[in-house]
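What follows is a short report on a single structure.
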Amino acid sequence: MIELRNIRKTYGSGASAFTALHEVDFEISENEFFTLLGPSGCGKTTLLRVIAGFETPTAGAVLLGGEEISLLPPNKRPVNTVFQNYALFPHMTVAGNVAFGLESLGKPKDEVRARVEEMLELVQMLHLRDRPIAALSGGQQQRVALARALAPNPRILLLDEPLSALDLKLRKEMQVELKRLQHETGITFIFVTHDQEEAMAMSDRIAVMKGGRVHQIASPKALYDRPADDFVASFVGESNFFPARIMSNSDQGAVLSIPGLGEVTLKGETHDTGDVTALVRPEHIRTGDSATSGLILEGRLENAMFLGIATLATVRMAHGQEISLRIRNTHDAPPPTEVGSTITMSIPPKAIRLVRAVSA
Amino acid sequence: MADRSFDKRRIPGAGLIAALAFAVLYIPLVILVTYSFNAGSRIGKWEGFSLHWYGVAFRNEDIQSATLLSVKVAVIAALVATVCATLVALATTRGQGFKAGRFVQLAVNQPLMVPEIVTAMALLILFAVIKDATGYSGTGYLIAAHSAFCIPFAFMPVRARLQDMDTNLEAAAADLYANAWVTFRRVTLPLLWPAVLAGFMLAFVISLDDVLISEFIKTAGQETLPTYLLGQLRRGITADVYAVSTILLAVSTAIVTLIFVINRKKKPGL
Ligand SMILES: Nc1ncnc2c1ncn2[C@@H]1O[C@H](COP(=O)(O)OP(=O)(O)OP(=O)(O)O)[C@@H](O)[C@H]1O
Ligand SMILES: [Mg+2]
């Protein structure tokens, strides 16, 4: 529904020019919960501002339903924003804020009133409709900002880190609530966060960004299972990276050699021979000597952190490399806790992913 | 904070100098106000409390017409200055050309930098030329001159407020389908209003108080309250002048206090 075609955005000019977005190119479909995920300064807000119309792209085009909207001003786009600091109008009441968009559109009075009521009901703020904005808590302001942006029934709702100012409990509640709202309204949500857990929990698809570029767009599961590069892998979940080498390809699969760990055949895969980076998630490493296939390793327990459901352990190999593993705590197998003890681990071949190395 | 007051106390004689400064600032005012309520007419000789001189001042037709002119000029000049200052402030803080904006902000403050006597001379020459050409000799000159030198005073609070204001509020209005005019009318102006009012009142006080420029460019027979008082002094002081001065002082103080109150009250909602 909304298409971004080779968007580039450069701020300033001459020596002080800074390119905040490089060749961003993807589309988002109707009714999708789409998330922009990335570290601070990677261009998430800039991309939202381009979609909302506050910034004109330096190159490229924004298309909505097949029509180019790159040059339309914000007030002509069926797109509404929940700002990071909410940007509620301090001189109006809760209801006044929610009515603003409808009034600008010239809707008749009773329609405005009915819709405002409906929206405040939706975010459970109807009882506070006549409160001034200054008399609201952070979470309440957040709900008003949501109601205000949803009231004109936009085709796309942009949310710029709407939950970052809330405490953990409220944040979890609002995550559920946002999902519910998206489901009930059927509006496309473009959500910005730098919290990977939040992104995973809520999104249909996630775009992982860094330095103004989109590194990968995929569903949360695909992003986790098949990260395109080491940046995505380390940003989404925990990772062990091993510098490795593809030695050869046989009928069995590609032969991977990891210095210090050994050699393993990646069944059914073929890769160009040469240097690669191997990724293994800490929770995919098994402990104990039950393992019979894959890489069997031994190391010294450096550190064990009990987290309740799991134990996070760091094991140092003979050649000096550290490997982290996440061991599930079960009732019959107590996790290793004695620092300095020897741990036997195995890495099943299926747990090994080859990723592009982009971070130094 | 604690450190600072500690330091101050350690400068020898600072307290004394401060006390002296306060004395110099306020003793003349206290004397003026006190003697405006004197029953007798001689300064230095207290003959009991009375509102006699206020009565004299109120009945004086010259004072009446001077007051009328002063207030008329101040109201119109403050209005013109506030409108101009607000437009300039909007253009320089919200417009596109930032480099030009800096320059314009400086240019608007010209009346603060050029010596007033120079401005007065310049205006005198300009108005003489216009008078020759058109024959007009009304209050327009006074109003025009006052409007001009009041602009920076109206400009200061408005610009400060605009710079403090979260530009996301205007972005939010645009996002919610408001065009530029609706955004201004429903978001920018209501939030700017206290500063505009403060600017207006500041300009009003400045205009009301001006003697130098008015003295230069008023035409024969025109007297503002300050130029009237100045003229009276040349003839020898009567105590009704104290009464008028005291009222002027009261009005100015009241307005300046009001400006503070308006701006304080609005702070949390910012
Ligand atoms: N108006 C501007 N002029 C110049 N540079 C800008 C401007 N706005 C943003 N930038 C730069 O563009 C880059 C991307 O900024 P952006 O606000 O999009 O980051 P972000 O991903 O939203 O970060 P955060 O998570 O901290 O909000 C940053 O390096 C920022 O300094
Ligand atoms: Mg941002």
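Everything numeric in this text was worked out from a predicted model, so none of it was measured.
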Proximal component of Ala173(B), with respect to chain A [non-hydrogen, under 4.5 Å]: both
Are there over 12 heavy-atom neighbours, none belonging to Phe58(B), within less than 6.0 Å of that residue's CZ? no
For Tyr177(B) and Arg77(A), the nearest pair of non-hydrogen atoms, with its separation, is CE2-O, 3.2 Å
Correct closest heavy-atom pair for Phe89(A) and Leu169(B) would be CE2-O, 3.3 Å
Please report the closest heavy-atom contact between Phe100(A) and Ala178(B), naming both atoms and the distance. CE2-CB, 3.8 Å
Segment of Leu88(A) engaging chain B (4.5 angstrom heavy-atom cut-off): backbone
Which atom of His91(A) lies closest to which atom of Leu191(B), heavy atoms considered: ND1-CD2, 3.5 Å
Using a cut-off of under 4.5 Å on heavy-atom pairs, state which of Asn85(A), Leu158(A), Ile133(A) scores highest against chain B. Asn85(A)
In Å and rounded to the nearest 0.5 Å, what is the CG to CG distance from Asn168(B) to Asp160(A)? 9.0 Å
Could you check which of Gln84(A), Arg49(A), Arg148(A) has the highest count of heavy-atom pairs closer than 4.5 Å to chain B? Arg148(A)
Given that the side chain runs from C-beta out, which part of Glu103(A) has a heavy atom under 4.5 Å from chain B: side chain, backbone, both or neither? side chain
Among Pro132(A), Ala145(A), Gly53(A), Pro74(A), which has the most heavy-atom pairs under 4.5 Å with chain B? Pro74(A)
Polar contact flag, side-chain donor to acceptor under 3.5 angstrom, Asn75(A)-Asp175(B): no
Please say whether more than 12 non-hydrogen atoms of neighbouring residues, nucleotides or ligands are located less than 6.0 Å from CD in Glu184(A). yes
